[in-house]
2 protein chains.
Amino acid sequence: MAEPPQTGNLSRPGERVPGPTAERGAARSRLPTLEDVARVAGVSRATVSRVVNGVRNVDPDLHAVVWAAVDATGYVPNRAARSLVTRRAGTVALVVSDSEEHDDDPFLGRFFADPFFGRVVGGVLSVLRPAGVQLGLHLVGSPPARVRLVGDLRQGQADGVVLLSLHPDDALPGLLAEAGIAAVMVGRPARPAPISYVDVANEAGAALAVERLLARGCQRIGLVAGPEHVPASQDRVAGFRQAMARRGYAWSPSEAGNFTRESGEAAMRRLLAAHPDLDGVFVANDLMAQGALVALHEAGRRVPDDVAVVGFDDSSAAQAAQPPLTTVRHPLEVMAAEATRLLLARIEEPRLRVASVIHDPVLVVRRSA
Amino acid sequence: MAEPPQTGNLSRPGERVPGPTAERGAARSRLPTLEDVARVAGVSRATVSRVVNGVRNVDPDLHAVVWAAVDATGYVPNRAARSLVTRRAGTVALVVSDSEEHDDDPFLGRFFADPFFGRVVGGVLSVLRPAGVQLGLHLVGSPPARVRLVGDLRQGQADGVVLLSLHPDDALPGLLAEAGIAAVMVGRPARPAPISYVDVANEAGAALAVERLLARGCQRIGLVAGPEHVPASQDRVAGFRQAMARRGYAWSPSEAGNFTRESGEAAMRRLLAAHPDLDGVFVANDLMAQGALVALHEAGRRVPDDVAVVGFDDSSAAQAAQPPLTTVRHPLEVMAAEATRLLLARIEEPRLRVASVIHDPVLVVRRSA
DNA sequence: CGCAGGTCAGAGAGCGCTTTCCCGCCCGCG
DNA sequence: CGCGGGCGGGAAAGCGCTCTCTGACCTGCG
C-alpha cells in the first residue's frame with residue numbers, strides 16, 4: 001500500500017502528496033509486453049501471440065513454456081495495440097437515444113432513474129461478459145450529438161450498437177444503417193429502417209389484459225393510452241382495440257397519458273369523470289397504472305372490486321403499487337440479451353440478414369385485477 | 001440505404017444476404033487517416049496531428065487549410081492508434097462491485113433494476129460527456145472477477161474507475177489502490193482504504209428524520225435498520241441513535257432489514273408486534289419504508305395520523321408510495337458527478353491527495369410524516 | 001536416394017497516431 | 001552586414017500487437 005489511509009477526514013482535493021506515488025507511477029509506465037514474454041520464454045513475439053490467442057498448432061512444449069512466461073511476467077495484452085491491428089474494439093455500445101432536452105441537461109432526465117434502463121443493462125451484460133466484450137454507455141439527445149456518435153462509431157469506438165430509442169422520430173436508426181454500423185434495437189423502430197430489432201408482441205400483451213378483465217366480468221372497460229407516436233404505445237392500443245372488437249366491444253372510452261405516473265393519474269381522473277360507471281381499465285404501462293390507482297383511490301373506488309386495473313411492463317412499480325398490479329410482463333432482460341446476441345452475430349458476419357425477434361409477453365396476476 | 005426494410009416480419013437470423021453489403025464492407029475498410037488529410041491539405045502528418053489536437057502554434061492559414069481537409073475527408077481520429085501512443089484510453093469505468101452470487105447469474109440480480117443505479121450513471125455521464133470521455137460499464141461479483149478487472153484496467157482498459165461497492169467486505173478498493181489505478185468511490189469504503197470517495201452525511205440525514213418525527217409530536221419512535229455491515233446503514237443507525245439520545249431518548253426499539261421492500265415489511269411487522277404503541281418510525285431506506293407502509297396499512301394504522309414514517313434516499317419509490325414518503329434526499333446524481341470530477345482530476349494528476357467529499361442531505365417533506 | 005509436400009517457428013512489415021528531433025527561415029540586434 | 005535565437009514545419013521513430021511470408025526441417029513416396 002503506497003499511501004496511508006485518508007478516510008474519515010475531509011481533506012481538500014488539490015493538495016499534492018509527494019513520495020511513494022512517484023515510484024508507483026514509474027512502475028505503471030513499464031508493463032510487460034509481448035516482447036518481454038518472448039524473451040523470457042526464449043521464443044519470438046509471433047509465437048507468444050499465437051499461443052496467447054490460441055491460433056494454429058503450436059508445439060505443446062512451447063505452449064507450456066509460453067504460458068509459464070506469461071504468468072511469470074504478469075503479462076496482459078494491450079487492448080489498444082490489438083485493436084489497432086485487428087480493427088476490432090472488443091466493445092459494444094449501449095446507446096440511449098432520447099429527445100433533445102437531455103443533451104445539455106445536467107442529469108439527463110428521467111430515464112436513467114427508470115428501472116427499465118437497468119433491466120436492459122443487465123440483459124446486455126449477461127451476454128457480453130461471457131463473450132469477453134466490453135460495454136460502453138452512450139446517451140444522445142440532439143441531432144448533432146447523433147452525428148458525432150456515428151463518427152465515433154465509424155472510427156472504431158465500438159464494434160456495434162444496442163440501441164434504445166425513446167424518441168418517436170429518431171434519425172439514429174437510419175444513420176447507423178447508412179453508415180454500415182452493426183446495430184440492433186430493443187423495441188421496433190418508429191419508422192421503418194433496415195435495422196434488426198427485438199421486441200415484445202405488444203398487441204398480444206394487450207389482448208392478455210383484455211382477456212383478464214373480461215374474465216373477471218368487467219363490462220365497461222376503459223383505456224389509458226400512452227403517447228401517440230411511440231411504437232410500443234401504438235401497438236398496445238391497437239392490440240387493446242382489436243381484442244375488444246373481437247369480443248363485441250366496438251368502442252371503448254380512452255384517455256392518453258405520456259407514460260409518466262402523473263399523466264396516468266390525470267388521464268384516469270378524466271376517464272372517471274366522463275365515465276363514472278367504468279368497472280375495468282387497461283393502462284398502457286405500469287407507471288401510469290400506478291397513477292391511475294391513486295386517482296381511483298381518491299374517487300373512492302376500490303380496486304379491484306369496483307374497478308379492475310391491468311398495467312403493462314411488470315416494472316418494479318407494479319409490485320410497489322397498492323394493491324400490487326396485475327400486469328403484462330415483457331421479458332426485457334431476455335430481449336436485451338437476445339438483441340445483444342443478434343448484434344454479436346452480425347459483428348462476426350456483417351452479411352447476415354436484418355432480423356427481428358418478437359417475444360411473447362405473459363400476464364402476471366397480482367391483486368389489481 | 002443498402003437493404004430493404006425488414007420490419008414487421010419474423011425473418012430468421014442466419015441467412016446471408018448477398019450484394020450491397022459487400023461494397024459497404026469495402027467502404028468501411030478504408031477510412032480516412034491522418035495521412036489522407038495531410039495529402040489533401042498539402043502538409044505533413046505531424047502538422048495535421050498538431051492542428052487536430054490544438055497543440056503548439058501552427059500558422060493560422062495552415063490551420064484553416066487543415067480543418068478544411070479534415071471536413072473534406074470526413075476524418076475522425078482512430079482511437080486505438082491514439083491510445084497506443086498516448087497510453088490513455090479516454091475511458092472511465094463505472095464498476096459495480098457486488099457480492100458473489102451475481103457473477104454467473106443470468107441477469108445480475110436486483111441491483112440494475114434499482115433506480116439508484118440509473119441516477120449514478122446519470123451523474124457520471126453529466127461530467128464525462130463534456131470532457132469527451134467514454135463510459136465503460138463493468139460488473140464484478142466473485143474474487144477472480146475482481147482480479148481480472150484489475151488486470152484489464154492495468155492494461156489500459158480505462159484510465160480510472162468510479163466504484164460502486166455494494167459488498168460489505170469488498171477487496172476491490174484495496175486492490176485498486178495497490179495496483180495504482182485511479183479510483184473514486186461513491187459511498188465510503190466499508191473498510192478503510194487509501195481511496196478517494198464521495199458520500200452523503202448519513203448521520204446528519206438520520207438526525208433530520210428524527211427532528212421531523214419529534215417536531216410532529218411523536219413520542220414512541222422506532223427504527224427499521226438496514227444490513228449491519230453496510231456503511232450507509234451503519235451511519236444512518238448511528239445518526240438516529242445519537243440524535244435521539246441528544247433529545248433524551250436513551251433507547252428505541254429497532255428491527256433490521258436488508259434494504260429490500262419485503263424485508264422492510266417484515267421488520268415493520270415485528271416492530272409493531274413488539275411495540276403496538278409506536279407513533280413514529282425511521283426507516284433506513286425508501287424501499288424498506290415502502291414495505292413498512294404496507295405492514296402498517298395491514299395492521300390498520302393510518303399514516304401519518306397513527307404512525308408517522310420517514311424514509312431515506314428519496315428514490316423513485318418515495319414518490320410512488322402511498323402515501324408519498326417524507327424522506328431524506330441525498331443528491332446521488334450530484335455525488336456521482338463530484339466523484340467523477342475527482343477522478344478526472346486524479347487521472348490528470350496522479351499525485352493528488354486521496355480526498356473525500358461529504359454532501360449534506362435534505363429532508364423532503366411529503367405526506368407520510 | 002531425391003524430391004514433393006507439409007508443418008511450425010521466426011523475421012518483419014505494418015496498423016494510425018504522437019512526439020521528438022532537427023532543419024530552415026526570419027527577425028533583431030550588435 | 002553578420003550572427004544568434006526563436007519559431008514553425010517535416011522526417012522519422014516508435015507505441016504493442018497481428019499476421020503474412022519465408023525458410024528450416026521432417027516425412028513419405030516414387
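Everything numeric in this text was worked out from a predicted model, so none of it was measured. Protein chains get the first letters and strands the later ones, always in sequence-line order, with residue 1 at the start of each.
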Between [X] ([atom1]) and [N] ([atom2]), how many Å, whole number?
X: R82(A); N: dG16(D); atom1: CZ; atom2: C1'; result: 11 Å
X: L34(B); N: dG16(C); atom1: CG; atom2: C1'; result: 7 Å
X: L84(B); N: dC15(C); atom1: CG; atom2: P; result: 14 Å
X: E35(A); N: dA11(C); atom1: CD; atom2: P; result: 10 Å
X: R39(B); N: dG10(D); atom1: CZ; atom2: P; result: 15 Å
X: R88(A); N: dG16(D); atom1: CZ; atom2: P; result: 24 Å
X: N78(B); N: dG16(D); atom1: CG; atom2: C1'; result: 14 Å

Can you name the residues that form a side chain to side chain donor-acceptor pair (under 3.5 Å) with [X], not counting sequence neighbours?
X: T73(B); value: none
X: S97(A); value: R146(A), D170(A)
X: T86(B); value: none
X: E348(B); value: none

Taking the side chain as every heavy atom from C-beta outward, state whether [X] and [Y] have any atom pair closer than 4.5 Å.
X: I181(A); Y: V161(A); value: yes
X: V140(A); Y: L172(A); value: yes
X: V162(A); Y: V95(A); value: no

Using side chain to side chain contact (heavy atoms under 4.5 Å, CB included) as the criterion, list what pairs up with [X], not counting sequence neighbours.
X: D36(B); answer: R30(B), P32(B), T33(B), R39(B)
X: A64(B); answer: none
X: S196(B); answer: V184(B), R346(B), V354(B), A355(B)
X: V65(A); answer: A41(A)

**Request:** Please report how far the helix from dC1(C)-dG30(D) to dG30(C)-dC1(D) bends, comparing the axis fitted to its first five pairs with the axis fitted to its last five, to the nearest 10 degrees.
**Result:**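 The angle, to the nearest 10 degrees, is 60°.
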
Protein-nucleotides 24-26 of chain D N/O pairs closer than 3.5 Å?
none

**Request:** Indicate whether OP1 or OP2 belonging to dT18(C) is found under 4.0 Å from a side-chain N or O atom of S49(B).
**Result:**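 Indeed, a polar side-chain atom of S49(B) lies that close.
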
**Request:** Output yes when at least one side-chain N/O atom of T33(A) is less than 4.0 Å from OP1 or OP2 of dG16(D), else no.
**Result:**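 Indeed not, no polar side-chain atom of T33(A) lies that close.
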
**Request:** Using only heavy-atom distances, decide whether a donor-acceptor pair under 3.5 angstrom links the side-chain of R50(B) to the base of dG10(D).
**Result:**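 Such a pair is found, so the answer is yes.
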
**Item:** Nearest-nucleotide 5' precedence on DNA chain D, N53(A) against T47(B)
**Value:**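 This one resolves to T47(B).
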
Would you tabulate the pairs of protein nitrogen or oxygen atoms and nucleotide nitrogen or oxygen atoms of nucleotides 12-14 of chain D closer than 3.5 angstrom?
| unit_1 | atom_1 | unit_2 | atom_2 | d |
| --- | --- | --- | --- | --- |
| dA13(D) | N6 | R45(B) | NH2 | 3.1 |

**Request:** Counting heavy atoms from C-beta on, name the nucleotide in dT19(C), dG16(D), dA9(C) closest to the side chain of R87(B).
**Result:**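 Nearest to the side-chain atoms of R87(B), counting from C-beta on, is dG16(D).
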
**Prompt:** Taking only residues at least two apart or on different chains, which pairs with a member in residues 71-83 of chain B satisfy salt bridge (Lys or Arg N to Asp or Glu O under 4.0 Å)?
**Reply:**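 Qualifying pairs, neighbours excluded: none.
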
